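Convention: sequence-line order gives letters A, B, ...; per-chain numbering from 1. Bear in mind that the values here come from a model prediction, so they are computed numbers and not experimental data. Hydrogens, waters and symmetry mates play no part in the numbers below; they use all other heavy atoms, side chains included.
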There are 2 protein chains.
Amino acid sequence: MGRNRATLADVARRAGLSKTAASMVLNGREGTRLSAEAHQRVFAAAEELGYRPNLAARSLRTRKTATIAFVSDIVATTRFAGDLIRGALDAARERDHVLLITETQGDATFEQYAIEAVLDRQVDGVIYAAMATRRLTVPPAILGGPVVLLNATSPDGLPSVVPDDEGAGRSVATALLELGHRDAIALIGRNRLKEDDPEVSLAARARLHGIRQTLDEAEVGLLAECFCTEWLPEHGYAAMRSLLGKPKRPSAIICMNDRLAFGAYQALGEAGLTVPEDISVISFDDDPIAAWLRPSLATTALPHEQMGRRAVELLLDGGAAEPSLVPMPLRRRRSLAPPAG
Amino acid sequence: MGRNRATLADVARRAGLSKTAASMVLNGREGTRLSAEAHQRVFAAAEELGYRPNLAARSLRTRKTATIAFVSDIVATTRFAGDLIRGALDAARERDHVLLITETQGDATFEQYAIEAVLDRQVDGVIYAAMATRRLTVPPAILGGPVVLLNATSPDGLPSVVPDDEGAGRSVATALLELGHRDAIALIGRNRLKEDDPEVSLAARARLHGIRQTLDEAEVGLLAECFCTEWLPEHGYAAMRSLLGKPKRPSAIICMNDRLAFGAYQALGEAGLTVPEDISVISFDDDPIAAWLRPSLATTALPHEQMGRRAVELLLDGGAAEPSLVPMPLRRRRSLAPPAG
DNA sequence: AGTGGTCGCTAAACTGATTTAGCAGAGCAT
DNA sequence: ATGCTCTGCTAAATCAGTTTAGCGACCACT
C-alpha cells in the first residue's frame with residue numbers, strides 16, 4: 001500500500017531546506033523564524049510531491065494516532081449499531097480522527113483480544129459501546145486512557161452517553177393523555193428481567209418509570225399490563241390477543257418497543273380492528289418498520305446517530321462527568337387518535 | 001492511552017540481553033543461534049513486564065500494520081451493513097488483523113478524505129464496499145495496494161465479492177414451480193432504472209434474469225409484472241392492490257425484495273385474502289421482517305456476513321480474480337403453498 | 001573592539017521496533 | 001603459532017517523522 005510516498009526528507013531536499021524546517025512549516029508552528037520564502041518553498045515542494053505524512057512515524061514520536069477505538073459487544077444483531085457507528089464516524093471525521101472498530105460478541109476472550117489489539121495500535125481513546133442500553137463494568141485494561149461508554153453506564157462513573165428513556169416514557173404517556181385517553185390505556189412489554197437487572201437493560205425500567213410518573217400525575221391508572229418474555233413481534237401479538245380477550249377493550253396501547261407494536265398490529269388486523277379509529281398505538285425505538293406499518297406507527301426515536309456523535313465529542317473534547325442523556329424525540333404518526341365514542 | 005507500557009528495551013534489559021536478541025526470540029525467528037537459556041530469560045522478562053510490542057513502531061520498520069481499511073459508501077442506511085462488517089471483523093480477527101472503518105456517504109469530498117485518512121495510516125489493504133450491489137469505478141488513489149470490492153464489481157477487473165442474485169432468482173422460481181404454480185405467477189418490483197444501470201444495481205437484473213430463465217425452461221410465462229419506482233413497502237402495497245383489481249387473481253407473487261413483500265402482505269390483509277392459502281408470496285433479501293411477518297415470509301437470504309468474511313479472505317489470502325459469487329440460500333417459510341383449487 | 005541580541009536556519013537526538021553486519025571466544029586442524 | 005569455522009551474541013543502521021539545542025551571520029550598542 002502506498003509504495004512510493006514522498007517523505008519529509010524528500011520535501012526538505014526539494015525545498016533546499018532541512019527536515020526540521022520542513023516539519024515546522026508544514027505543522028504551522030508558531031514562533032519559528034523561518035522566512036516567508038522558506039514557507040513558500042516548503043509548501044510548493046510538498047504540493048509538487050503530493051506529500052502526505054506517514055502517521056505511523058509521526059505517532060511514534062507524538063504518541064497520538066488520531067485514531068479512536070470503537071469496541072462494542074455486538075455490531076450486527078441490531079440494526080441500530082449502524083447509526084451509532086455512523087454518528088461516531090461523522091464526529092470523528094470532523095476532528096480528523098478515524099475509527100478502529102472491533103466486536104467482542106459478548107465473549108471474554110474476544111474482548112480481551114479486541115482490547116489488546118486496539119491498545120497495541122496506540123489508539124488515543126476508547127468508546128466502549130453496548131447494543132442494548134445497560135450497566136456494565138469495563139475491562140480494567142482500557143482504563144489507562146480516555147474512555148467513554150456509549151449506550152451504557154458503569155459503576156465507576158466513567159463518562160457515558162445514554163438515551164433519555166425516562167423522558168421518552170413521559171412523552172409517550174403525555175401524547176396519549178393529550179388526546180383524551182384516560183382509563184383505557186394498556187401496556188405491552190412488562191418484563192421483570194429487563195426492569196430489575198440493570199446489566200440486562202436500563203431502558204425498560206426508565207421507560208416504565210416515565211410512563212407511570214406521568215400517568216400518576218394525571219391520576220390515571222393503567223387498564224392492563226402485559227408481561228412479555230422478549231420484545232419480539234410474536235410476543236406483542238400474543239399480548240394483544242390476550243388483551244382483546246378481556247371484557248374491557250383498551251382505547252390505546254403503549255408498546256415497549258416497535259417490534260412488539262408490530263405484533264400488536266398483526267393481532268389487531270386479524271381481529272378486524274382499525275388503528276387508530278378503534279385503538280391507538282404508540283411505542284418506542286423508531287425502528288424502520290414503524291414508518292412502514294399501515295397506519296404508520298407513532299413512536300419515540302432512539303437517537304443513535306446523535307449518541308455516537310456525542311460519544312466522540314465527549315472523548316475528544318472532554319465534557320460532563322454525569323451521564324449525558326440524549327433526548328428521544330417523539331415521532332407523531334398515524335397510529336394516534338382520540339378515544340372512540 | 002497505554003502510558004507505562006514496557007518497551008522491547010525494557011525486556012532486553014531485564015533479560016540481560018540485547019534488544020536484538022529479545023526481538024528475535026519474541027518473533028520466533030528461525031536460524032538464530034540464541035541459547036535455550038536466552039529464550040527462557042526473554043520470555044520470562046516479557047511475561048513479567050506484560051510486554052506488548054508497539055505496533056506503530058513495528059510498522060514503521062516492517063511497512064505492515066495488520067490493519068485493513070473498510071471504506072463503504074453508506075454504513076447506516078441499510079441494516080445489512082452491520083452483517084457485512086461483522087463478517088469482515090470475524091475473518092480479520094482470525095488473521096490477527098483489525099478494521100479501520102470509514103464512510104464516504106457517496107460524497108466525492110468525503111471519499112477523498114476517507115481514502116487519504118486510511119492510506120496515511122498505512123493500512124495493508126482496502127475493502128471498498130457498496131451497500132447496494134452495483135458496478136462502480138474505484139478511486140485511483142487506492143490502487144497502489146491490495147483492494148477487494150465488496151458487494152460491487154468494477155470495470156478494472158479487481159477482485160470482488162457479490163451475492164449470487166441470479167441463482168437466487170432461479171431458486172425462487174423453482175420453489176414456486178415445484179409447488180405446482182404455473183400460469184398465475186406475478187412479479188412485483190420491475191424497475192427499469194435498477195435493471196438497466198449497473199451503477200445503480202446489479203441485483204435487479206440478475207434476479208429477473210434468474211427468474212425468467214427458470215420459468216422459460218418450464219415454459220411458463222408470468223401472469224403480470226408490476227413496475228415500482230422504489231422497492232419500499234408502500235410500492236409493494238400499491239402493486240398488490242393493482243394486481244387484485246385485475247380479472248385473474250395470481251396464485252403466487254414474487255417480490256423483488258422483502259420490503260415490497262411486506263407492502264403486499266398489507267394489501268392482501270386488507271383484501272381479506274390469506275397467505276399462503278389464497279396466494280403464496282416469496283421474495284429476496286431475508287430482511288428481519290421476513291421472519292416477523294405472519295405468516296413468515298419465504299425469501300432468499302443476502303449472505304452479507306459470508307460476503308464480508310470472503311472479502312477479507314480474498315484480500316489477505318489472495319484468490320480468484322473473477323468475481324466471487326456467494327450463494328443466497330432459500331429460506332423456506334410459511335408463505336408458500338400449492339396453488340388453491 | 002568587544003558584547004549581546006536577534007534572525008534564519010540546521011544537526012542530532014528521540015520515538016520503539018526490525019534487521020544487517022560483524023565481533024569475541026572456543027574448538028580444531030595444520 | 002596460525003588460520004579456520006562455528007557459536008552466541010550485540011552495535012548500529014533503519015523506518016519517517018518531531019523536537020531540542022545551538023550555530024553562524026548580522027546588527028546595535030557601549
Atom [atom1] of [X] and atom [atom2] of [N]: how far apart are they, to the nearest Å?
{"X": "A:Leu34", "N": "C:dC9", "atom1": "CG", "atom2": "C1'", "value": "7 Å"}
{"X": "A:Gln40", "N": "C:dG8", "atom1": "CD", "atom2": "P", "value": "15 Å"}
{"X": "B:Arg121", "N": "D:dG17", "atom1": "CZ", "atom2": "C1'", "value": "15 Å"}
{"X": "B:Arg13", "N": "D:dT10", "atom1": "CZ", "atom2": "P", "value": "14 Å"}
{"X": "A:Arg52", "N": "D:dA16", "atom1": "CZ", "atom2": "P", "value": "16 Å"}
{"X": "B:Leu26", "N": "C:dG16", "atom1": "CG", "atom2": "C1'", "value": "13 Å"}
{"X": "A:Arg63", "N": "D:dT19", "atom1": "CZ", "atom2": "P", "value": "12 Å"}
{"X": "B:Gln122", "N": "D:dA16", "atom1": "CD", "atom2": "C1'", "value": "9 Å"}

Does [X] reach the main-chain N or O of [Y] with its side chain, forming a donor-acceptor pair under 3.5 Å?
{"X": "B:Thr32", "Y": "B:Arg29", "result": "no"}
{"X": "A:Asp156", "Y": "A:Leu158", "result": "no"}
{"X": "A:Asp73", "Y": "A:Met131", "result": "yes"}

Residue B:Ser18, side-chain atoms from C-beta onward, closest of C:dG16, D:dG17, D:dT10: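 Out of C:dG16, D:dG17, D:dT10, the nucleotide with an atom closest to B:Ser18's side chain is D:dT10.
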Contact under 4.0 Å: A:Ser35 side-chain N or O vs C:dC9 OP1/OP2: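 Affirmative; the distance criterion is met.
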Short side-chain N/O contact from A:Thr7 to OP1 or OP2 of D:dA16, under 4.0 Å: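 No, A:Thr7 has no side-chain N/O under 4.0 Å of OP1/OP2 on D:dA16.
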Carboxylate-amine/guanidinium proximity below 4.0 Å for B:Arg310 and B:Glu305: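 Not counted as a salt bridge, because no side-chain N and carboxylate O are separated by less than 4.0 Å.
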Residues B:Arg52 and A:Asp120 bridged, charged N to O under 4.0 Å: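 Result for this pair is yes, salt bridge flagged.
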Degree of bending in the helix from C:dA1-D:dT30 to C:dT30-D:dA1 once both end axes are built from five pairs, to 10°: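 For the helix from C:dA1-D:dT30 to C:dT30-D:dA1, the axes at opposite ends meet at about 90°.
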Return the polar atom pairs (N/O with N/O) between nucleotides 18-25 of chain C and the protein under 3.5 Å, or none.
residue : atom : partner : partner atom : Å
C:dT18  : OP1  : B:Asn27 : OD1          : 3.4
C:dT18  : OP1  : B:Asn27 : ND2          : 3.0
C:dT18  : OP1  : B:Arg58 : NE           : 3.1
C:dT18  : OP1  : B:Arg58 : NH2          : 3.2
C:dT18  : OP2  : B:Ser23 : OG           : 2.7
C:dT18  : OP2  : B:Asn27 : ND2          : 3.4
C:dT18  : O2   : B:Arg61 : NH1          : 2.6
C:dT19  : OP2  : B:Arg29 : NH1          : 3.0
C:dT19  : O4'  : B:Arg61 : NH1          : 3.0
C:dT19  : O4   : B:Thr20 : OG1          : 3.2

Sugar-phosphate only, base, or nothing, as touched by A:Ala38 at under 4.0 Å among non-hydrogen atoms: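 Result for A:Ala38 = sugar-phosphate.
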Sugar-phosphate, base or nothing in reach of B:Leu55, heavy atoms under 4.0 Å: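 No contact.
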With sequence neighbours excluded, residues passing side chain to side chain contact (heavy atoms under 4.5 Å, CB included) with B:Thr67: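 With sequence neighbours excluded, B:Thr67 shows a side chain to side chain contact (heavy atoms under 4.5 Å, CB included) to A:Leu100, A:Arg121, B:Thr65, B:Val98, B:Leu100, B:Val123, given in chain and number order.
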Test side chain to side chain contact (heavy atoms under 4.5 Å, CB included) applied to B:Leu149 and B:Leu136, step by step: CA-CA 9 Å; B:Leu149 293 175; B:Leu136 45 74; 3.9 Å; yes
Lys NZ or Arg CZ of B:Arg5 over B:Tyr51 ring: under 6.0 Å, within 45°: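 Pair B:Arg5/B:Tyr51 does not count as cation-pi.
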B:Tyr113/B:Asp107 under side chain to side chain donor-acceptor pair (under 3.5 Å): CA gap, chis, key distance, verdict: CA-CA 10 Å; B:Tyr113 173 84; B:Asp107 173 308; over 6 Å; no
